[in-house]
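Take a look at the structure set out below.
FYI, the numbering just counts along the sequence from 1.
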Amino acid sequence: MSALRRIPQSAERDELSRRARSAVRTDPGHDIVDTYETVKAKRKVTIKASAAQPKAYFTNDPALKPERPADKNGGKQDAKPAEDVRPKSEDLVTFDDVPETARCRRVETQVAEASATKSDVGSNVPTSSAVVCEVGENNWKPVKRR
């Protein structure tokens, strides 16, 4: 089970969303990293927003590739990335609908147990990746998969 699925409290999900939006809106010209520890669940959350790039830079970004459907023979599907804290569908835009002149950022989120060591966090913690594009003056929207 992914780390983000283990965040049961809606208050923690709300805090994660608030901080991710803040990271995206803060200084688009630079990489932004926000790390905090949840109050109740004692998890360490790291949100990384890359510096803004033109939309064309993200054309082949893995975060925009469609998810692989389950195997037809009943086999297990590949492990899903930790992306269960999803924005509401009305907040999403499709990549093709984003203006060519738009700037976009890659946002990666990691949720680890607070007791995990630094080496554990780097390699064993699932990472959620998303592309967020500016569709208006400081109006950043997550881009849904094509």
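With T38 contributing its side chain and E12 its backbone, the two residues share no donor-acceptor pair below 3.5 Å. One N or O on the side chain of R105 and one on the backbone of V24 form a donor-acceptor pair closer than 3.5 Å. S50 places a side-chain N or O within donor-acceptor distance of the main-chain N or O of R106, the cut-off being under 3.5 Å.
Taking CG of D97 as the start and SG of C133 as the end, the distance is 11.0 Å to the nearest 0.5 Å. Atom CD of residue Q53 and atom CG of residue D61 lie 11.0 Å apart, to the nearest 0.5 angstrom.
In this structure, A51 and G29 approach most closely via the heavy-atom pair CB-O, 3.6 Å. Here the shortest heavy-atom pairing between W140 and A52 reads CH2-CB, 4.2 Å. I47 and A20 make their closest contact through CD1-N, 3.7 Å (heavy atoms, listed as atom of the first residue, atom of the second, distance). For the residue pair V131 and A63, the shortest heavy atom distance occurs at CG2-CB, 4.1 Å.
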Is there a side-chain contact (heavy atoms from CB on, under 4.5 Å) between V143 and T94 once you walk through the steps? CA-CA 5 Å; V143 179; T94 61; 5.9 Å; no

What's the verdict on side-chain contact (heavy atoms from CB on, under 4.5 Å) for V33 and T46, showing C-alpha distance, side-chain angles and the deciding distance? CA-CA 7 Å; V33 178; T46 302; 4.0 Å; yes

Candidate pair L16 and Y36, rule side-chain contact (heavy atoms from CB on, under 4.5 Å), full reasoning: CA-CA 9 Å; L16 178 92; Y36 68 99; 3.6 Å; yes

Is there a side-chain contact (heavy atoms from CB on, under 4.5 Å) between V45 and T35 once you walk through the steps? CA-CA 6 Å; V45 180; T35 300; over 6 Å; no

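For the pair E134 and R103, the salt-bridge criterion is met [side-chain N within less than 4.0 Å of a carboxylate O]. Between K44 and E113 no salt bridge is recorded (no basic side-chain N to carboxylate O distance below 4.0 Å). With salt bridges taken as basic N to acidic carboxylate O contacts below 4.0 Å, none links R13 and E15.
Between S17 and D14, the side chains place no donor N or O within less than 3.5 Å of an acceptor N or O (distance only, hydrogens not considered). Judged purely by distance below 3.5 Å, without hydrogens or angles, the side chains of T127 and E108 never pair a donor atom with an acceptor atom.
Note on V98: it clusters hydrophobically with L64, by side-chain heavy-atom contacts below 4.5 Å among ILVMFWY residues.
In this structure D31 satisfies the side chain to side chain donor-acceptor pair (under 3.5 Å) test with no other residue, sequence neighbours excluded. Take K55 and apply the side chain to side chain donor-acceptor pair (under 3.5 Å) test, not counting sequence neighbours, and it matches E100. Legend: residues meeting side chain to side chain donor-acceptor pair (under 3.5 Å) with T26, ordered by chain and number and at least two apart, are absent.
Atom OH of Y57 has 12 or fewer heavy atoms from other residues, nucleotides or ligands within 6.0 Å.
Tested against D34, the residues R25, R18, R19 include a single salt bridge (charged side-chain N to carboxylate O under 4.0 Å, His left out) partner, R19.
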